[in-house]
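This report refers to the structure that appears directly beneath it.
Numbers restart at 1 for each chain; the letters A, B, ... are given by sequence-line order, proteins then strands.
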There are 2 protein chains.
Amino acid sequence: MTRQRQTILEILRSTSSHPTADWIHAQARKRISNISLGTVYRNLKVLKEMGEIVELDYGSTFSRFDGNPISHYHFVCEECGRVYDIDLPVDQGLEEKVRQRTGFEIRSHRTEFYGLCLECQGRKD
Amino acid sequence: MTRQRQTILEILRSTSSHPTADWIHAQARKRISNISLGTVYRNLKVLKEMGEIVELDYGSTFSRFDGNPISHYHFVCEECGRVYDIDLPVDQGLEEKVRQRTGFEIRSHRTEFYGLCLECQGRKD
DNA sequence: GTAATTGCAAATAATTTGCTGGGTG
DNA sequence: CACCCAGCAAATTATTTGCAATTAC
């Protein structure tokens with residue numbers, strides 16, 4: 001656990017904004033001025049494999065990262081691209097239903113909602 | 001509606017394998033030998049905007065495309081990368097719950113399951 | 001006839017990787 | 001001291017785009 005890895009994890013733990021690798025890199029530079037983007041990507045991959053963070057790889061051309069590894073729903077605004085957490089209990093029974101129906105071994109599932117967030121509704125595009 | 005667009009749509013309608021742009025391009029070449037990959041991408045984008053097809057942009061570094069635009073669940077095998085359709089009714093009530101909870105305008109939602117498909121379980125990796 | 005669309009090749013954008021030197025336990 | 005990991009820059013991969021010629025209606 002290097003200083004770089006620790007810093008990246010702290011940044012992700014302290015925000016609920018589901019940031020991009022670039023944004024994380026910019027924040028990390030405030031603390032370690034010469035940290036490289038490659039290092040950010042490498043550590044995001046390691047932290048993901050450790051189960052400490054989750055990669056959100058949908059809804060745009062780039063990934064966002066979530067410092068909360070506990071399963072929860074997400075909402076993606078189709079206007080501004082922001083990702084919000086949805087505070088509703090996740091239906092865990094679904095996985096068992098899919099297992100019974102398919103015989104597949106289900107390790108996880110996730111649900112994303114798409115639409116317009118409050119701010120973007122206000123802008124009436 | 002050009003011959004190229006028609007061909008791409010037919011290819012997608014006639015398979016349930018959720019192919020990649022590359023695979024679609026290879027198939028299309030069998031019918032239109034000089035069709036370009038750029039044309040495939042351009043038409044996939046148009047067909048998606050028309051609501052004829054759906055882009056599955058998660059679970060790997062590249063997109064897959066689904067010729068069935070009716071909302072249904074997907075399963076992504078973490079071993080072989082294949083995407084399967086899941087024959088279970090989609091919970092449409094969820095969108096209303098999220099709308100009530102957040103005030104967001106919900107246009108759609110989707111759910112993906114991750115794990116091991118039957119073939120990959122058999123291989124006991 | 002006119003606007004949309006094609007093929008081709010070059011450009012882009014995000015992410016990954018090779019290398020070499022430095023830090024960690 | 002053995003190995004993992006950092007920084008840097010170049011490479012890779014999927015996708016997008018500019019342009020001149022062609023096709024659709």
Write down the atom of A:S60, the atom of B:D57, and the distance for their closest heavy-atom approach. N-OD2, 4.2 Å
Residue-level proximity of residues 42-49 of chain B to DNA chain C when a heavy atom falls under 4.0 Å: B:R42, B:N43
Atom pair distance, as rounded to whole Å: CZ in B:F62 and C1' in C:dT15: 15 Å
Any donor-acceptor pair under 3.5 Å linking the side-chain atoms of A:E55 with those of A:S63? yes
Would you find a donor on one side and an acceptor on the other, under 3.5 Å apart, between the side chain of B:E95 and the backbone of B:H109? yes
Does a side-chain N or O from B:Y41 land closer than 4.0 Å to OP1 or OP2 of D:dT16, or not? no
Think B:T61 has a side-chain N or O under 4.0 angstrom from the OP1 or OP2 of C:dT15? no
Any salt bridge between B:E119 and B:R82, counting N to O under 4.0 Å? yes
Expressed in angstrom and rounded to an integer, what is the separation of B:R5 atom CZ from C:dA4 atom P? 11 Å
Give the ring-plane orientation class for A:F104 versus B:F75, where under 30° counts as parallel, over 60° as perpendicular and anything between as tilted. tilted
Whole-Å distance between D:dC5 P and A:N34 CG? 18 Å
Rounded to whole Å, CD1 of B:I35 lies from C1' of D:dT22 at a distance of 15 Å
Less than 6.0 Å separating the ring centroids of A:Y73 and A:F113? yes
Quick one: does B:T39's side chain have a donor or acceptor within less than 3.5 Å of a partner on B:I35's backbone? no
Ignoring backbone atoms, test whether B:Q4 places a side-chain nitrogen or oxygen under 4.0 Å from the OP1 or OP2 oxygen of C:dG7. yes
Side-chain atoms of B:T39 come closest, of D:dT15, C:dT15, C:dG7, to C:dG7
Taking every heavy atom of A:L37 against every heavy atom of A:A21, the minimum-distance pair comes out as CD1-O, 4.1 Å
Taking every non-hydrogen atom, the tightest pair across B:G67 and B:R13: O-NH1, 2.7 Å
Using a cut-off of strictly less than 4.0 Å between a heavy atom of the residue and any atom of DNA chain C, enumerate the qualifying residues of residues 16-32 of chain B by number. none
The side chain of A:L37 is closest to which nucleotide in this list: D:dT15, C:dT15, D:dG7? C:dT15
d(CG, B:D57; C1', D:dT15) in whole Å: 13 Å
Plane angle bin for B:H18 and B:H72 - parallel if under 30°, tilted between 30 and 60°, otherwise perpendicular: tilted
Rounded to the nearest angstrom, tell me the gap between atom CD1 in B:I8 and atom C1' in C:dG7. 13 Å
When you check the phosphate oxygens OP1 and OP2 of D:dA6, does a side-chain N or O of A:T2 lie under 4.0 Å from one of them? yes
Could you give the CZ-to-C1' distance, from B:R64 to D:dT15, as a whole number of Å? 16 Å
Rounded to the nearest Å, what distance is computed from the CG atom of residue A:L9 to the P atom of nucleotide D:dC5? 15 Å
C:dT6 phosphate, OP1 or OP2: any side-chain N/O from B:S36 under 4.0 angstrom? no
